[in-house]
There are 4 protein chains.
Amino acid sequence: MRPLPEILDRIAETLALSEDRGQVASYIPELAAVDPRQFGIAVALPDGTVHSAGDATVPFSIQSVSKVFTLALALGRLGDSLWTRVGREPSGQPFNSILQLEVEQGRPRNPFINAGAIVVTDAILAGHAPRELLGEVLRFVRTAAGQDESQGLIRINEAVARSEAETGHRNMALAHFIAAHGNLQNPVEKVLGCYFHQCAIEMSCIELARAGLFLTNAPGAPRLVSPSRVRRIGAIMMTCGHYDASGDFAYRVGLPGKSGVGGGILAVAPGRAAIAVWSPGLNARGNSKLGTEAMEMLARATGWSVFG
Amino acid sequence: MRPLPEILDRIAETLALSEDRGQVASYIPELAAVDPRQFGIAVALPDGTVHSAGDATVPFSIQSVSKVFTLALALGRLGDSLWTRVGREPSGQPFNSILQLEVEQGRPRNPFINAGAIVVTDAILAGHAPRELLGEVLRFVRTAAGQDESQGLIRINEAVARSEAETGHRNMALAHFIAAHGNLQNPVEKVLGCYFHQCAIEMSCIELARAGLFLTNAPGAPRLVSPSRVRRIGAIMMTCGHYDASGDFAYRVGLPGKSGVGGGILAVAPGRAAIAVWSPGLNARGNSKLGTEAMEMLARATGWSVFG
Amino acid sequence: MRPLPEILDRIAETLALSEDRGQVASYIPELAAVDPRQFGIAVALPDGTVHSAGDATVPFSIQSVSKVFTLALALGRLGDSLWTRVGREPSGQPFNSILQLEVEQGRPRNPFINAGAIVVTDAILAGHAPRELLGEVLRFVRTAAGQDESQGLIRINEAVARSEAETGHRNMALAHFIAAHGNLQNPVEKVLGCYFHQCAIEMSCIELARAGLFLTNAPGAPRLVSPSRVRRIGAIMMTCGHYDASGDFAYRVGLPGKSGVGGGILAVAPGRAAIAVWSPGLNARGNSKLGTEAMEMLARATGWSVFG
Amino acid sequence: MRPLPEILDRIAETLALSEDRGQVASYIPELAAVDPRQFGIAVALPDGTVHSAGDATVPFSIQSVSKVFTLALALGRLGDSLWTRVGREPSGQPFNSILQLEVEQGRPRNPFINAGAIVVTDAILAGHAPRELLGEVLRFVRTAAGQDESQGLIRINEAVARSEAETGHRNMALAHFIAAHGNLQNPVEKVLGCYFHQCAIEMSCIELARAGLFLTNAPGAPRLVSPSRVRRIGAIMMTCGHYDASGDFAYRVGLPGKSGVGGGILAVAPGRAAIAVWSPGLNARGNSKLGTEAMEMLARATGWSVFG
């Protein structure tokens with residue numbers, strides 16, 4: 001294996017030539033305005049080293065990548081009782097699909113589709129004010145990344161959150177539908193307020209890679225949840241982390257990963273490294289086009305696939 | 001980690017006490033007649049050693065576990081062009097579901113559900129007589145297991161094949177539906193004849209574990225397909241190998257695996273070992289109940305989860 | 001044919017003996033509190049005569065029966081352009097189903113399922129304040145029934161409307177989902193406010209039968225929409241008026257009808273009569289159990305089936 | 001109302017100018033070879049008079065129109081027990097859809113979609129040889145039409161039947177799927193053999209209109225089933241007779257009708273007339289394009305809509 005910095009540089013150089021960069025998410029103005037030519041990648045190692053290339057210090061909206069952190073928080077707080085309210089099977093449907101919710105009576109298939117993440121947020125919200133909950137989510141992510149609040153590198157973009165609240169009819173439909181089946185404990189507006197804010201967390205590839213280190217179970221990595229829980233989160237990332245393209249990501253990359261509509265992807269090489277990529281253009285399934293390609297190149301160059 | 005023989009013995013002893021062993025598949029008489037009290041487990045290591053416990057030398061019908069071998073054969077012969085005819089995403093539906101086929105116009109979601117495996121069989125059948133194809137499948141499995149035909153340890157049970165041909169209305173429906181969409185190149189009866197015979201392959205846990213070694217990509221293991229293809233097959237096993245319980249298997253066991261309705265499961269610990277378990281009683285999703293529990297116990301005891 | 005009063009009395013007497021009266025709708029307190037032992041029936045003839053039996057003067061919540069009146073209003077105002085936003089095919093799904101909306105991208109199947117009626121309300125709301133719209137709906141119904149406001153026999157029950165607004169998560173999900181597909185022109189809250197109020201219209205069987213006379217196209221009946229539009233509304237009532245039990249109602253009764261979750265049904269014998277029944281207990285499909293039985297008895301006794 | 005002959009002539013003349021005649025069914029060679037420029041219409045009155053225009057004496061393949069006759073036969077022989085095996089609700093899906101069969105466990109929605117008609121054929125086949133059954137179906141249709149065998153005007157086209165048997169994968173899928181759920185009593189091949197033959201019945205518009213007279217319940221019309229059963233068959237024709245365009249046919253025409261992929265439609269004006277039209281080009285839903293337009297023109301010109 002070549003040295004990591006060289007691998008990352010080559011990936012960044014190769015992808016800089018890409019003509020087809022996918023489509024930037026258009027459903028909220030703040031995301032639609034992001035320059036699609038950007039690309040960043042960062043690899044955090046358990047010893048604290050971070051290698052990066054491209055726009056790896058530019059903050060971006062992590063969107064659904066936040067679902068990994070809220071799931072970790074929820075499992076820490078509720079344990080396996082969470083699974084009475086949400087499943088852990090791939091849905092085989094788009095991220096914002098509602099039809100399975102009807103057939104399965106308000107119990108989302110997994111915590112990484114929107115419906116499931118809304119239930120997770122509701123579960124950890126119980127007994128908190130939204131402000132408290134969001135503080136706790138931010139603390140969790142910052143602790144994972146080894147940052148403190150004063151550095152200001154990991155924060156919530158209020159404009160993005162507000163914009164989602166105004167246009168997020170699809171998520172409102174999901175939340176009300178779940179509530180209709182008695183699977184929300186807090187008022188819809190309160191849950192969605194938190195949900196839209198957690199999706200609006202911003203950080204750079206470097207911070208995101210660092211924040212993912214606890215998922216490697218590597219000696220030296222931060223230990224925020226138990227090793228067996230880390231493995232389980234990894235399993236859900238592998239089977240459900242890219243919606244109805246999870247099989248394709250597993251096939252091409254071979255690492256547990258979670259994507260967001262902002263163009264970020266967090267992947268984990270167990271025992272070895274956490275990887276963050278970002279490029280705003282999305283493919284047809286709503287995952288970063290160049291980000292997926294970068295992950296595939298990295299996995300091939302490093303031999304880090306979990307499949308041997 | 002304790003020594004493997006000790007781990008296997010303990011698993012066999014613990015499960016011997018199980019009262020709820022699930023339901024033996026009832027749809028064909030030959031499977032329904034199998035004694036549900038049986039349980040076997042075997043672990044094959046790349047150096048050729050095999051450890052086992054329980055009924056590990058009793059032959060059983062591998063059924064859908066055969067899909068791993070025919071997929072490997074198909075990828076070897078057709079390469080990535082196979083994916084024009086079948087997808088590689090989890091279906092989120094039962095193994096014999098037909099409804100996605102209608103929505104997705106005759107292109108099965110993945111090669112490990114029945115519809116997809118029928119397409120794979122059709123793909124490798126092209127230009128062969130059924131007898132030739134079945135000979136090739138058997139040779140592939142025997143080579144993988146380091147057996148030759150004269151040993152008679154890996155063979156097709158004609159009574160099981162015939163019985164499936166008589167009662168397999170669901171598979172006939174799948175095949176005709178695929179044919180209606182132009183995604184079969186051979187006559188339905190011929191494809192299903194092969195399919196029912198490949199599902200009727202019998203071997204013991206010891207042979208099945210050996211036959212799975214090529215999927216470990218370990219030095220010393222037989223090399224029947226390229227390392228990158230091994231990884232890809234592993235990815236599909238992880239996301240699709242247990243139908244609509246694939247997420248659960250990944251969560252509980254953390255290894256790529258493939259189950260069959262005969263009660264067998266083949267799993268792979270990349271770089272380390274191939275594992276076969278067998279117990280005829282099935283859980284609600286059609287996977288071996290004790291087999292899944294055994295895999296979970298083994299993964300915990302060995303730390304072989306790919307997720308760290 | 002026996003005289004109508006005798007037929008109605010016999011129906012009321014027979015059904016008074018029913019032990020299984022179905023289940024009163026429980027999802028809002030106001031409906032759940034209604035005494036299930038009530039039953040009323042009224043037949044209005046084009047000459048102005050009304051025959052009735054049972055609790056035919058007790059006001060009840062007409063709920064989805066209101067969809068007939070808002071559809072008539074919408075067709076009068078928008079004409080066939082309404083059909084660009086909503087279909088006119090039976091859905092084959094329950095009244096509050098959302099899954100077809102996903103597959104068919106926010107265009108409801110017909111105006112008599114909840115999703116479709118929400119779109120109709122949105123269509124006639126355009127440019128009005130909710131108060132104006134509701135005033136117009138009430139005027140339409142009162143004119144149809146030959147009542148004026150001062151009589152107070154046809155009015156909106158504010159407590160029912162408010163209660164729906166508080167608990168109607170399913171309808172909120174439908175409306176947000178439609179909005180997400182760009183098929184609502186007014187804010188979700190405003191549309192649902194109107195929708196919940198129109199559903200909360202109360203009147204007795206006698207008023208409802210009178211209000212349905214314009215749908216008979218009989219000489220002497222009020223003419224509120226053109227004869228060809230009356231026929232078309234009748235066709236939609238026949239194929240879609242009882243949700244996924246429309247086929248059963250057509251089979252058993254043979255008249256165009258529209259049911260509501262409050263236990264009311266309005267049916268039309270073209271050229272002859274309008275019929276209203278009410279009994280609060282619902283069958284498994286959400287239609288009045290005794291109401292449907294009464295309609296079946298009436299159709300048999302009168303020979304009014306449109307099918308000969 | 002103008003005289004019928006004049007109405008029919010005008011319809012034929014108007015439609016002769018149509019440029020868009022839809023697409024002739026292509027799935028079997030015999031149907032694909034039919035000249036799309038043909039158009040015929042015939043109206044049979046209870047007094048025995050038949051008026052016609054266009055190619056009303058040219059025999060065509062009635063295909064699914066045959067489902068009306070087999071349903072009448074089945075209800076005559078089995079009575080309401082038929083409904084334990086097939087429903088009577090519109091499916092909201094295309095004529096050859098299989099997905100509802102999976103959700104509803106092998107019980108077709110209604111007798112007028114392919115799946116349901118296969119069950120009906122199985123039900124009346126019980127205890128008969130296929131030849132006997134087909135003889136009985138032909139006798140029923142001929143009796144209805146007042147023909148006897150020697151006239152040769154109503155017969156089975158063997159080439160069409162054979163061709164369907166060779167290419168009818170979709171119907172084979174449906175039949176095997178139903179068999180898998182235990183809802184076929186005869187072997188799949190035998191049932192489909194009968195089904196393909198009944199679909200291959202040929203006759204002209206004049207014979208078809210005559211054969212439909214028993215469905216008018218008019219005095220003087222042949223009485224082959226009881227009046228109440230006639231009404232029920234009419235109800236199913238209205239709600240299910242045009243697959244997922246049944247609502248549209250009811251809306252535009254307002255008469256119970258049944259279409260076939262050969263381009264024929266049989267409609268009934270209860271108490272008045274039976275109408276047959278034929279034009280081979282189909283619209284997007286698989287119903288005769290000009291045939292539907294002709295029915296709409298006829299209903300408007302005669303005022304025969306059942307909806308007033």
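Below, chains carry the letters A, B, ... as their sequence lines are ordered, and counting in each starts from 1.
Residues C:Phe214 and C:Thr143 fail the side-chain proximity criterion, which asks for heavy atoms closer than 4.5 Å. Side-chain contact between C:Glu104 and C:Arg109: present, with at least one pair of heavy atoms (C-beta onward) separated by less than 4.5 Å. Two residues are said to be in side-chain contact when any heavy atoms from C-beta on lie closer than 4.5 Å; D:Ile7 and D:His51 fail this criterion.
Between chain C and the residues D:Ala218, D:Gly303, D:Gly247, the largest count of heavy-atom pairs under 4.5 Å involves D:Gly247. If you tally non-hydrogen atom pairs under 4.5 Å between each of D:Val230, D:Asn217, D:Leu215, D:Asn110 and chain C, the highest count goes to D:Asn217.
Ion pairing between a basic and an acidic side chain is recognised when a charged N comes within 4.0 Å of a carboxylate O; C:Asp122 and C:Arg85 show such pairing.
C:Arg272 does not touch chain D: none of its heavy atoms, backbone or side chain, sits under 4.5 Å away. Within the 4.5 angstrom heavy-atom criterion, no atom of D:Arg300 approaches chain C. The parts of C:Ala245 that come within reach of chain D are both its backbone and its side chain, each placing non-hydrogen atoms under 4.5 angstrom from that chain. The contact between D:Pro90 and chain C is made by backbone and side chain atoms together, counting heavy-atom distances below 4.5 Å. In this structure, the portion of D:Asp244 lying under 4.5 Å from any heavy atom of chain C is its backbone and not its side chain.
Counting only distance, with no hydrogens or angles, the side chain of C:Arg170 and the backbone of C:Asn96 share a donor-acceptor pair below 3.5 Å.
In this pair, C:Trp83 and D:Tyr251 present their aromatic rings perpendicular. The plane angle is above 60°, beyond the 30 to 60° band.
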